[in-house]
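As structure tokens, the structure follows; a few thoughts come after it.
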Amino acid sequence: MVSEPALRRYRVHLIQVGQADNVTAVATPLDGTRADEPRNISSPVTLQKFLQQPDFEIPDGTPIVRLDLTGDAEFWRHFRRGPHLNNTLPLGTVSPPGSNAPSAYAGQTPTELHGWWVAADVYGQLVAQAGLVVEHTNPKPSGY
């Protein structure tokens with residue numbers, strides 16, 4: 001008898017929607033030896049289809065960075081002046097340019113962290129402050 005491989009489940013911490021239905025996310029595995037290590041997930045589907053995937057646990061309030069709805073000028077202004085997403089940093093941390101040693105996020109503004117690398121949860125907060133379009137997940141309706 002051949003057994004089916006176990007479905008790998010992930011907790012999503014940040015979702016980004018790019019152009020042409022390209023969704024990326026930062027998530028941590030819910031099981032296994034590296035359950036606390038964030039990783040990048042890329043999926044060429046619509047946001048609606050991404051939110052329906054059974055292998056993702058997406059908590060209420062998860063930030064959805066809508067690059068597809070953010071104007072080009074606003075995006076490039078943030079890109080040049082703000083922090084950058086590092087999808088492998090531990091949640092709640094930031095790291096200055098040229099350093100591999102993350103430290104706890106202490107409430108700095110996007111401009112104070114210009115050029116810094118930031119974890120997914122911090123990035124979700126900062127891009128909203130910087131003026132990019134950020135939505136948040138709501139409770140999923142039953143049967144969703």
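Quick note: residue numbers are just sequence positions, from 1.
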- prompt: Under the 3.5 angstrom rule, does the side chain of T62 hit a backbone N or O of T137 as a donor-acceptor pair?
  reply: no
task: Answer yes or no: is there a donor N or O on one side and an acceptor on the other, between the side chain of E112 and the main chain of T109, under 3.5 Å?
output: yes
- prompt: Just wondering, more than 12 heavy atoms not from R77 lying within 6.0 Å of its CZ?
  reply: yes
Joint cluster assignment, L30 & I58, ILVMFWY side-chain distance < 4.5 Å: no
Where [X] and [Y] come nearest, the two heavy atoms and their spacing:
{"X": "R9", "Y": "F56", "result": "NH1-N, 4.2 Å"}
{"X": "A27", "Y": "Y10", "result": "CB-CB, 3.8 Å"}
{"X": "A119", "Y": "P90", "result": "CB-O, 3.2 Å"}
{"X": "H136", "Y": "G61", "result": "CD2-O, 3.0 Å"}
{"X": "F50", "Y": "A25", "result": "CZ-CB, 3.6 Å"}
{"X": "L126", "Y": "P110", "result": "O-CG, 3.4 Å"}

Counting C-beta onward and ignoring hydrogens, is there a side-chain heavy-atom pair between [X] and [Y] closer than 4.5 Å?
{"X": "I41", "Y": "T24", "answer": "no"}
{"X": "V17", "Y": "N22", "answer": "no"}
{"X": "L113", "Y": "Y105", "answer": "yes"}
{"X": "S95", "Y": "L89", "answer": "yes"}
{"X": "S43", "Y": "K49", "answer": "no"}

message: I64 and side-chain contact (heavy atoms from CB on, under 4.5 Å): which single residue from L14, V12, L47, V134 fits?
response: L47
Pair H13-T28, side-chain donor/acceptor within less than 3.5 Å: yes
query: Which hydrophobic side chains are connected to V133, either touching it within the sub-4.5 Å cutoff or through other members that do?
result: L69
